[in-house]
Amino acid sequence: MATRKAFDDHLFAAFTERTGVGVVPVYDPTVQLLRRLDAGEHFDVMIAATPSFDALIASGVVAAGPRPIVRTGIGLAVARGADHPAIDTTDDLVKTLSTARSVAYSRTGQSGIYFVDLVKRLGLGEVVLPRATVLEKGFTATALESGEADLAVQQLSELLYVDGADIVGPLPEDVQKWTEFSAGTAAFSAGNPDVAAFVEFISGPEAARAYRLTALEPVS
């Protein structure tokens with residue numbers, strides 16, 4: 001999900017134009033992708049949080065050597081046109097979260113899993129979580145458009161995907177969590193030249209430009 005805007009806006013079309021090879025995307029948070037694999041779903045390339053590949057390599061599902069492609073941090077957004085609360089420091093963040101009517105987060109996304117842990121560490125669990133708007137998956141900023149929440153937390157690249165949202169900014173660095181995403185090749189697709197070409201393309205300079213435009217930081 002974190003890479004969706006870069007791929008939808010540019011990379012899939014650019015790769016197909018260059019190679020003639022079409023790509024069928026399936027978007028889900030890493031946790032959901034792993035559940036699909038447990039159910040026996042087929043894939044050629046999987047883009048997911050880097051640590052999730054260790055078990056998949058050990059079980060023979062993914063070939064060794066996933067390619068790190070991007071990392072991204074977590075941020076907050078408000079509905080387009082709304083006032084931007086202060087989140088420059090952790091104290092600012094605590095005040096903003098404490099006074100929010102409802103904060104939207106994704107239950108199965110990397111950002112949502114971290115957010116729940118963070119608010120508990122900040123002593124806000126009993127204040128923020130009971131009135132939170134919880135999405136099983138998807139873009140949390142859609143809850144700003146519907147009016148269910150007045151704040152949304154997610155990877156910055158995912159907040160950018162929703163037209164009706166304004167990004168306030170990233171979390172303060174002392175409570176920020178950077179997540180690295182890698183491209184792993186299915187073991188039975190490791191010898192497919194089209195698959196290899198796709199992984200090479202999404203790791204290259206043209207992809208890096210697309211990532212930077214969508215709040216993703218390319219990984220060398």
Side-chain angles (χ1 to χ4, degrees), residues 1-74 106 108-114 136-139 154-163 177-220:
M1 294 293 289
T3 61
R4 180 169 184 170
K5 187 168 179 60
F7 279 83
D8 278 358
D9 286 1
H10 181 74
L11 295 180
F12 285 137
F15 176 74
T16 299
E17 182 178 357
R18 178 175 299 183
T19 64
V21 178
V23 182
V24 179
V26 174
Y27 294 109
D28 259 332
T30 295
V31 171
Q32 295 281 8
L33 291 175
L34 294 174
R35 290 174 182 168
R36 298 176 81 124
L37 299 189
D38 287 342
E41 194 160 330
H42 166 81
F43 72 100
D44 291 303
V45 177
M46 175 178 170
I47 298 171
T50 299
S52 65
F53 285 105
D54 293 340
L56 296 174
I57 294 169
S59 63
V61 174
V62 171
R67 184 81 63 89
I69 56 170
V70 295
R71 72 172 195 155
T72 185
I74 297 170
S106 169
T108 58
Q110 296 294 307
S111 59
I113 294 169
Y114 175 73
E136 186 65 22
K137 60 180 184 179
F139 296 110
Q154 204 159 35
Q155 309 284 0
L156 289 161
S157 58
E158 294 174 277
L159 295 174
L160 189 65
Y161 196 89
V162 179
D163 290 336
K177 178 178 174 60
W178 290 91
T179 300
E180 182 185 85
F181 293 89
S182 291
T185 301
F188 53 74
S189 299
N192 186 321
D194 291 338
V195 171
F198 179 68
V199 173
E200 192 65 32
F201 176 73
I202 65 175
S203 308
E206 184 173 348
R209 290 190 291 272
Y211 297 145
R212 291 190 184 97
L213 291 172
T214 55
L216 295 166
E217 182 178 307
V219 176
S220 300

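Only heavy atoms go into these numbers, but all of them, side chains included; no hydrogens, no water, no symmetry mates. Only a predicted model underlies this, so the values are computations on that prediction, with no experimental measurement involved. Throughout, residue positions are numbered sequentially from 1 according to the sequence presented.
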How many angstroms lie between [atom1] in [X] and [atom2] in [Y], if you round to the nearest 0.5 Å?
| X | Y | atom1 | atom2 | result |
| --- | --- | --- | --- | --- |
| Ile74 | Thr179 | CD1 | OG1 | 5.5 Å |
| Glu41 | Asp28 | CD | CG | 8.5 Å |
| Arg71 | Trp178 | CZ | CH2 | 4.5 Å |
| Lys177 | Ile113 | NZ | CD1 | 9.5 Å |
| Phe53 | Met46 | CZ | CE | 5.0 Å |
| Ile69 | Ser182 | CD1 | OG | 7.0 Å |

Counting only N and O atoms by type, is there a donor-acceptor contact under 3.5 Å from the side chain of [X] to the main-chain atoms of [Y]?
| X | Y | result |
| --- | --- | --- |
| Ser203 | Val199 | yes |
| Thr108 | Pro29 | no |
| Ser157 | Ala215 | no |
| Thr72 | Gln155 | no |
| Thr185 | Val45 | no |
| Gln110 | Ala48 | no |

Over all atoms of both residues, closest heavy-atom pair of [X] and [Y]:
| X | Y | answer |
| --- | --- | --- |
| Ser189 | Asp44 | OG-OD1, 2.6 Å |
| Pro66 | Gly184 | CB-CA, 4.1 Å |
| Leu33 | Ile47 | CD1-O, 3.7 Å |
| Ala210 | Leu11 | CB-CD2, 3.9 Å |
| Leu216 | Thr3 | CD1-CA, 4.0 Å |
| Ala186 | Phe43 | CB-O, 3.2 Å |

Hey, are the side chains of His10 and Thr214 touching, using non-hydrogen atoms and a 4.5 Å cut-off?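 In short, these two side chains do not touch, never coming nearer than 4.5 Å.
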
Do the side chains of Met1 and Gln32 get nearer than 4.5 Å, heavy atoms only?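 Of all side-chain heavy-atom pairs linking Met1 with Gln32, none is under 4.5 Å.
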
Any chance you could lay out the side chain to side chain contact (heavy atoms under 4.5 Å, CB included) test for Phe181 and Val219, step after step, and finish with the verdict? CA-CA 9 Å; Phe181 293 89; Val219 176; over 6 Å; no

Between Leu213 and Arg209, is the side chain to side chain contact (heavy atoms under 4.5 Å, CB included) condition met? List the steps. CA-CA 7 Å; Leu213 291 172; Arg209 290 190 291 272; 5.7 Å; no

Once you measure the plane-to-plane angle for Phe12 and Phe198, does it fall in the parallel (<30°), tilted (30-60°) or perpendicular (>60°) bin?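 Ring orientation, 0 to 90° scale: parallel.
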
Give me the ring orientation class for Phe15 and Phe201: parallel if the planes are under 30° apart, tilted from 30 to 60°, perpendicular past 60°.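 Tilted.
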
Test Val23 against Phe7 for side chain to side chain contact (heavy atoms under 4.5 Å, CB included), laying out the working first. CA-CA 10 Å; Val23 182; Phe7 279 83; over 6 Å; no

Please determine whether the number of non-hydrogen atoms from other residues, nucleotides or ligands lying under 6.0 Å from atom CG of Asp38 exceeds 12.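 Above 12, so yes.
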
